[in-house]
Amino acid sequence: MSRRTGKRTFALTGVYAVAAGTVVGDMEGKGPFGPYYDRVLKDDLFGEKTWEKAESKMFQFAVDKAIEKAGLKTGDVDCLIGGDLLNQIISSSFAARELHIPYLGIYGACSTFSEATLLGGLLIDSRSMDCAVCATSTHFSTAERQYRMPLELGTGRTPTAQRTTTAAGACVLRSRGPGVRVTGCTLGEIVDWHIKDANNMGAAMAPAAADTIAAHLLETERAPGYYDCILTGDLGHHGSEVAIKLLRQRGFDISKNHADCGIEIYPADADVQSGGSGCGCSAVVFGAFYLKELMNGRINRLLLVSTGALLSPTSTLQGETIPGIAHAVAFESGEEG
Amino acid sequence: MDPTLRPENYDAYIQKNMPKSNLIWDLARAFFVGGLICTLGQGLNALGMEVFKLSEDQAGMLSIVVLIFLGALLTGLGVYDVLGKFAGAGSIVPITGFANSIVAPAMEFKREGYVLGVGAKMFAIAGPVLVYGTILSVAAGIAALLF
Amino acid sequence: MDYVYAFLVGGAICAVGQVLISKTNLTPARILVMYVSAGVILTVLGLYQPLADFGGAGATVPLSGFGFSLAKGAMEAAQQEGIAGAITGGLSKTAAGITAAVLFGYLAAVLFNPKSKK
């Protein structure tokens, strides 16, 4: 049974992350985690006619792979919680159509992965379910044509822009191990500090990341150093700088153990301005690499904080600012303390 | 001394501190590429008048059509966006950029069909140019009658 | 020398656009509208013709040159045919360019596919 330790924070017991499935595109495959992904696509159409169909296929692949690696069958899974960036979250829904698992589609923009994991954790902790799969996907080309410009348009990118990753990741949560314990979560609140520039998502999301991390540390009465790693989703280089600064203002120094999936996913010399973004980004970086580090005991405690920018193509045209949100999920290796 | 960040001063702080690209270099590249494209146009004008014996007006039309063709071709080959990354306004402002803004969405939305995909989205970016250009041209014509 | 002037005038007109891109967050679509509008207005004011005389293609190739054609077409047709000319003149004069854009745009869409960026 979970214990509520604060307004937005819950301690979870008996929830284990047991396996993850990941698939990425070519550029992501060239990054530092290349060898860890279950599959790297050379052709980002994945044999399909459209990028939307490809993204859906990636989502399905990641879920199937995660379930397989967990030693289970789809019939053993009580619920699929998933989302993506496309209108009406079609990547997830059309993948779920093929999977035949009860499906809860959610939208948290790029925070979807930690939102899905948090929800799965709460459902299992409350003993409503035994097994949930939490999955997200993104694809560079589907995101570009929906949110930004047609691919062949000859306009440049700004230095604070980020590249939407082509990535799909799924994580299996169960009521028993072996696996990494999911020990707690903090729900995010929407934080909007009036950024209007859709080319600077990092700055738009940083206040939300700082808010959720601060709330988590206050409500669990932990110092940042409790965690070996505080892993944000896709603040990118510039968003990370700002988030660290905002947290310092509140008395928390995360500069020594902070990492960001958007910064780490691409090779250091890639032409990606501020880094990668997208809900698939944190799903695959966590699923392929950090989960493994936790399982091997090389990291003992990790706080995953995926961050999202909750705008739409219409809202920016109407002059709206960009609201951000961040959800936090805590993982610990080893036995219950 | 860094200010304490609050919602009220956050946007101004971000505008001031976020990295911007080097303006001098950007201007130089835009100037250079834009100038080159125009020089090409000048050459086409001369070709039209001297070789094909066209009038000045006709030669101008020829060079515009050729430049539009080139912009469309380079966009189709996937080269124009590479040029755009380098040249910025130098590839957007010339008429080749206008062609690119039509071809890029037309290609992109082919997967949604030829009527509602290619046909409708072709003018997603260039449409406003035609709307405002047409309206202002009527105003110009009326101005010529009145003054 | 014509070529040098075309290069200089064209480059300068594009550089102005670069200032807009770098210093404001105007989107390309809005910048193109500003250019065509400026071309029309400056032509009505009699300021664009001298620039075109001096710079040749340097003035006619940028999108402001498109506005220049629109304005000239409307103004000339208005003087010959009155209000009917004012309405039809602009698009008539630029018909070649617009038709080429639609035609080549469609062909390119048929023949080519967009590629994901590296």
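Here is how names work: the chains are called A, B, and so on, in the same order as the sequence lines, proteins then strands, and each is numbered from 1.
At a heavy-atom cut-off of under 4.5 Å, chain C is reached by B/Gly41, B/Gln42, B/Gly43, B/Asn45, B/Ala46 from residues 40-56 of chain B, listed in order of number.
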Output side-chain donor-acceptor pairs under 3.5 Å for residues 49-77 of chain C, partner residues at least two apart or in another chain, one line each.
unit_1  : atom_1 : unit_2  : atom_2 : d
C/Gln49 : NE2    : C/Asp53 : OD1    : 3.0
C/Ser64 : OG     : C/Tyr48 : OH     : 2.7

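Contact count versus chain B (heavy atoms, under 4.5 Å) is highest, among C/Val110, C/Leu91, C/Thr99, for C/Val110. Between chain B and the residues C/Pro28, C/Gly39, C/Ser37, C/Gly85, the largest count of heavy-atom pairs under 4.5 Å involves C/Ser37. Heavy-atom pairs under 4.5 Å with chain C peak, among B/Gly90, B/Gly76, B/Gly34, B/Pro105, at B/Gly76. Top candidate by heavy-atom pairs under 4.5 Å with chain B, chosen from C/Tyr3, C/Tyr35, C/Phe7, is C/Phe7. Between chain B and the options C/Gly11, C/Gly10, C/Ala101, C/Ala78, heavy-atom pairs under 4.5 Å are most frequent for C/Gly11.
Proximity to chain C is absent for every atom of B/Ile135, based on heavy atoms less than 4.5 angstrom apart. Heavy atoms of B/Ala99 lying under 4.5 Å from chain C are absent altogether.
When all heavy atoms of C/Gly105 and B/Met122 are compared, the pair lying nearest together is C-CE, 4.2 Å. Taking each heavy atom of C/Val40 and B/Ser137 in turn, the nearest pair found is CG1-N, 4.3 Å. The shortest non-hydrogen separation linking B/Ala72 to C/Phe104 is CB-CB, 3.8 Å.
From B/Thr134, atom OG1 reaches atom CD1 of C/Ile87 across 12.0 Å, with rounding to the nearest 0.5 Å.
Here the side chains of C/Val102 and B/Ile102 are not in contact, with every heavy-atom distance at 4.5 Å or above. Looking at heavy atoms from C-beta onward, C/Phe112 lies in side-chain contact with B/Leu73 at the 4.5 angstrom threshold. At least one side-chain heavy atom of C/Ile21 sits under 4.5 Å from a side-chain heavy atom of B/Ile92.
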